[in-house]
A.B. asks: 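A single structure is presented below for examination.
Numbers for residues simply follow the sequence, beginning at 1.
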Amino acid sequence: MVTASLPSLPAGFAETRSSLHLVAARVPGTARYEAVGRMGLVVVPGGFGTPEFDGHRLLVIDGMLSDGGRREPITNLLDACAFAGVDAAVTPHPALALPADPEAPLAVDTDAARVLARWFEFCHSLLDSARTEAGPEHEPSAIQLWPEHFDLAFEMGAPAMRANYGGSPGDGAIPTPYLYVGPHELRHGPFWNAPFGASLTYDDVRRGVDPGAFLSQGRELLDHA
């Protein structure tokens, strides 16, 4: 079981999450898609970024942009794109085209960025354990950080029971971080407490609800549907 010792969310968490979501899609997500035709990102210690492509990586560590040699604060989208060598006016895939004024200031609080990174690292460990527990017969995909949604997820299960298993830092539907099980075919019952399937909130995990058991319960319900 993956256990959690999660801090309370800093006051600037929501603004930082929104800013880093925009950066994830329009900077490393866009740069990778332009280079290799894939947008998926990965979790790294202290943040997130691209897998290596063209001999380098683009990372966001402690709320700062890094290419492994340089490190720069995130001030606005225009400067962030210039750092990465991408055009702030062009997005190569509609899913990455999050609307923004490229010169508008972006609020990135260092403490909030570190809490967000810690949440993603926790989710990755939890999801990796869930994949291992399920076994290869469930045909699990790789775990990826999807920049367009800014959530960490993988999918598994036979076609009729296939579902996304993931962790989000919060969004328009649920404003604080949460874990989720999202069946491709929606289900009904006490476990399925969200329009997209089932969710377990950050506060639930901090109160001691077992997040691994939550993911396992979702898989077992789908296996026996």
A.B. asks: Would you mind reporting whether Tyr165 and Arg219 have side-chain heavy atoms less than 4.5 Å apart?
C.D. replies: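 Yes, at least one pair of side-chain atoms sits under 4.5 Å.
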A.B. asks: Assert yes or no for the condition that the ring centre distance of Tyr178 to Phe214 is strictly below 6.0 Å.
C.D. replies: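 Not under 6.0 Å, so no.
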A.B. asks: Any cation-pi pair here, Arg70 with Phe83, using under 6.0 Å and within 45°?
C.D. replies: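 Judged by the rule (NZ or CZ under 6.0 Å from the ring centre, within 45° of its axis), Arg70 counts as positioned above Phe83.
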A.B. asks: Between Tyr180 and Asn164, is any pair of side-chain heavy atoms under 4.5 Å apart?
C.D. replies: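 Touching, per the 4.5 Å side-chain cut-off.
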A.B. asks: Using a 4.5 Å cut-off on heavy atoms from C-beta on, say whether the side chain of Leu200 contacts that of Pro211.
C.D. replies: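 SC-SC contact between Pro211 and Leu200 confirmed.
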A.B. asks: Does Tyr33 share a hydrophobic cluster with Leu20, counting links as ILVMFWY side-chain heavy atoms below 4.5 Å and allowing steps through other members?
C.D. replies: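 Looking at the clustering, Leu20 is in a separate group from Tyr33.
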A.B. asks: Please list, chain by chain and in numerical order, all residues satisfying side-chain contact (heavy atoms from CB on, under 4.5 Å) with Thr30, sequence neighbours excluded.
C.D. replies: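 side-chain contact (heavy atoms from CB on, under 4.5 Å) check on Thr30 returns Glu34, Val86, Thr91, Pro92, Leu96.
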A.B. asks: Would you check if the side chain of Arg162 reaches a backbone N or O of Gly157 as a donor-acceptor pair within less than 3.5 Å?
C.D. replies: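 Judged by distance alone, yes, a pair lies under 3.5 Å.
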A.B. asks: Return the minimal non-hydrogen interatomic distance between Pro183 and Ala163, and the atom names on each side.
C.D. replies: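 That would be CA-CB, 3.6 Å.
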A.B. asks: Under 4.5 Å between side-chain heavy atoms, hopping through other hydrophobics if needed: is there a path connecting Val108 to Leu59?
C.D. replies: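 No, it is not one cluster - the side chains of Val108 and Leu59 are not joined through contacts under 4.5 Å.
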A.B. asks: For Pro28, run the side chain to side chain contact (heavy atoms under 4.5 Å, CB included) check against Val42, Leu58, Leu145 and tell me which one passes.
C.D. replies: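 With Pro28 as partner, side chain to side chain contact (heavy atoms under 4.5 Å, CB included) holds for just one option, Leu58.
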A.B. asks: Quick one: does any side-chain atom of Arg26 pair with a main-chain N or O of Ala24 as donor and acceptor, under 3.5 Å?
C.D. replies: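 Not a single qualifying donor-acceptor pair exists.
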A.B. asks: Side-chain contact test, heavy atoms from C-beta onward, threshold under 4.5 Å: evaluate it for Leu221 versus Trp192 and give yes or no.
C.D. replies: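 Yes. Closest side-chain heavy atoms under 4.5 Å.
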A.B. asks: Taking Ala113's backbone N and O only, do any of them form a donor-acceptor pair with Thr16's side chain (distance below 3.5 Å, no angle check)?
C.D. replies: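 Flag not set: sc Thr16 to bb Ala113 has no pair under 3.5 Å.
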A.B. asks: Identify, with sequence neighbours excluded, every residue that meets side-chain contact (heavy atoms from CB on, under 4.5 Å) alongside Pro7.
C.D. replies: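 With sequence neighbours excluded, Pro7 shows a side-chain contact (heavy atoms from CB on, under 4.5 Å) to Val115, Arg118, Tyr202, given in chain and number order.
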A.B. asks: Roughly how far, to the nearest 0.5 Å, is the CZ atom of Arg206 from the OG atom of Ser8?
C.D. replies: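 Interatomic distance, Ser8 OG to Arg206 CZ, rounded to 0.5 Å: 5.0 Å.
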A.B. asks: Please name all residues satisfying side-chain contact (heavy atoms from CB on, under 4.5 Å) with Val36, sequence neighbours left out, ordered by chain then number.
C.D. replies: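 Expected list: Arg32, Arg38, Phe53.
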A.B. asks: Cys123 versus Val43: any side-chain heavy-atom pair under 4.5 Å?
C.D. replies: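 No - every pair of side-chain heavy atoms lies 4.5 Å or more apart.
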A.B. asks: Under a 4.5 Å cut-off applied to non-hydrogen side-chain atoms, are Val23 and Phe150 in contact?
C.D. replies: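 Side-chain contact under 4.5 Å: no.
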A.B. asks: Please say which of Leu98, Val27, Ile74 ends up in a side chain to side chain contact (heavy atoms under 4.5 Å, CB included) with Leu22.
C.D. replies: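 When side chain to side chain contact (heavy atoms under 4.5 Å, CB included) is applied between Leu22 and each of Leu98, Val27, Ile74, only Leu98 qualifies.
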A.B. asks: To the closest 0.5 Å, what do you measure between CG (Asp151) and CG (Leu179)?
C.D. replies: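 It is 11.0 Å, given to the nearest 0.5 Å.
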A.B. asks: Within the side chain of Thr132, is there an N or O that forms a donor-acceptor pair under 3.5 Å with the backbone of Asp128?
C.D. replies: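 Judged by distance alone, yes, a pair lies under 3.5 Å.
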A.B. asks: Under 4.5 Å between side-chain heavy atoms, counting indirect links through other Ile/Leu/Val/Met/Phe/Trp/Tyr residues: same cluster for Met39 and Phe48 or not?
C.D. replies: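 The answer is no; the residues belong to distinct hydrophobic clusters.
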A.B. asks: If the threshold is 4.0 Å, N to carboxylate O, is there a salt bridge linking Arg57 and Asp67?
C.D. replies: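 No, this pair does not count.
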A.B. asks: Let's go through Met64 and Val60 carefully: what are the C-alpha distance in whole Å and the side-chain angles of both, what is the deciding distance for side chain to side chain contact (heavy atoms under 4.5 Å, CB included) to 0.1 Å, and is it a yes or a no?
C.D. replies: CA-CA 5 Å; Met64 299 181 70; Val60 176; over 6 Å; no
A.B. asks: Please check: side-chain N/O of His93 versus main-chain N/O of Ala95, any donor-acceptor pairing under 3.5 Å?
C.D. replies: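 At least one qualifying donor-acceptor pair exists.
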A.B. asks: Taking Leu152 as the starting point, is it possible to reach Phe196 by hopping between hydrophobic residues whose side chains are less than 4.5 Å apart?
C.D. replies: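 No, Phe196 and Leu152 fall in different hydrophobic clusters.
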A.B. asks: For residues Met156 and Trp146: do they belong to one hydrophobic cluster (side chain heavy atoms under 4.5 Å, members Ile, Leu, Val, Met, Phe, Trp, Tyr)?
C.D. replies: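 Per the 4.5 Å side-chain linkage, Met156 and Trp146 are not co-clustered.
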A.B. asks: Could you go step by step and tell me if Leu116 and Arg17 meet the side chain to side chain contact (heavy atoms under 4.5 Å, CB included) rule?
C.D. replies: CA-CA 7 Å; Leu116 187 149; Arg17 179 197 67 219; 4.0 Å; yes
A.B. asks: Go through the steps to decide whether His124 and Ile143 satisfy the test side chain to side chain contact (heavy atoms under 4.5 Å, CB included), and finish with yes or no.
C.D. replies: CA-CA 8 Å; His124 190 280; Ile143 300 170; 3.8 Å; yes
A.B. asks: Taking only residues two or more places apart in sequence or in another chain, which ones pass side-chain contact (heavy atoms from CB on, under 4.5 Å) with Leu78?
C.D. replies: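 By the side-chain contact (heavy atoms from CB on, under 4.5 Å) rule, Leu78 matches Asn76, Ala88, Pro102, Glu103.
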A.B. asks: Around atom CD of Glu72, are there more than 12 heavy atoms from other residues, nucleotides or ligands closer than 6.0 Å?
C.D. replies: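 Buried by this count: over 12 neighbours within 6.0 Å.
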A.B. asks: When you measure from the side chain of His21 to the backbone N and O of Glu148, does any donor-acceptor pair fall under 3.5 Å?
C.D. replies: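 Judged by distance alone, yes, a pair lies under 3.5 Å.
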A.B. asks: Can you sort out the partners of Asp111 under salt bridge (Lys or Arg N to Asp or Glu O under 4.0 Å), two or more places apart, ordered by chain and number?
C.D. replies: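 So Asp111 forms no salt bridge (Lys or Arg N to Asp or Glu O under 4.0 Å) with any residue.
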A.B. asks: Do the side chains of Gln144 and Phe154 get nearer than 4.5 Å, heavy atoms only?
C.D. replies: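 Phe154 vs Gln144: side chains apart.
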A.B. asks: Specify the closest pair of heavy atoms between Ile61 and Gly47, including all atoms of both residues, with the distance to one decimal.
C.D. replies: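 So the two residues come closest at CD1-N, 4.4 Å.
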A.B. asks: Indicate every side-chain donor-acceptor pair of residues 134-142 with a distance under 3.5 Å to a residue at least two apart or in another chain.
C.D. replies:
unit_1 : atom_1 : unit_2 : atom_2 : d
His138 : ND1    : Ala134 : O      : 2.9
His138 : NE2    : Asp223 : OD1    : 3.2
His138 : NE2    : Asp223 : OD2    : 3.0
Ser141 : OG     : Glu155 : N      : 2.9
Ser141 : OG     : Glu155 : O      : 3.4

A.B. asks: What distance separates Leu222 CG from Gln217 CD, expressed to the nearest 0.5 Å?
C.D. replies: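 One finds 10.5 Å between CG of Leu222 and CD of Gln217.
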A.B. asks: On a heavy-atom basis, which atom in Pro147 and which in Gly40 lie closest, and how many Å separate them?
C.D. replies: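 It is CD-CA, 4.4 Å.
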A.B. asks: Is there side-chain contact between Ser199 and Ile174, with heavy atoms separated by less than 4.5 Å?
C.D. replies: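 In contact.
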A.B. asks: Do any N or O atoms from the side chain of Ser168 and from the backbone of Gly170 form a donor-acceptor pair under 3.5 angstrom?
C.D. replies: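 At least one qualifying donor-acceptor pair exists.
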A.B. asks: Tell me if a side-chain donor or acceptor on His224 pairs with a main-chain N or O of Glu220 at a distance below 3.5 Å.
C.D. replies: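 Checked: pair present.
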A.B. asks: Rounded to the nearest 0.5 Å, what's the gap from CZ on Arg131 to CG on Leu215? Could you check?
C.D. replies: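 Going from CZ on Arg131 over to CG on Leu215, the span is 13.0 Å.
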A.B. asks: Do you see a donor-acceptor pair shorter than 3.5 Å between the side chains of Asp204 and Thr201?
C.D. replies: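 A pair is found: one side chain offers a donor N or O, the other an acceptor, under 3.5 Å apart.
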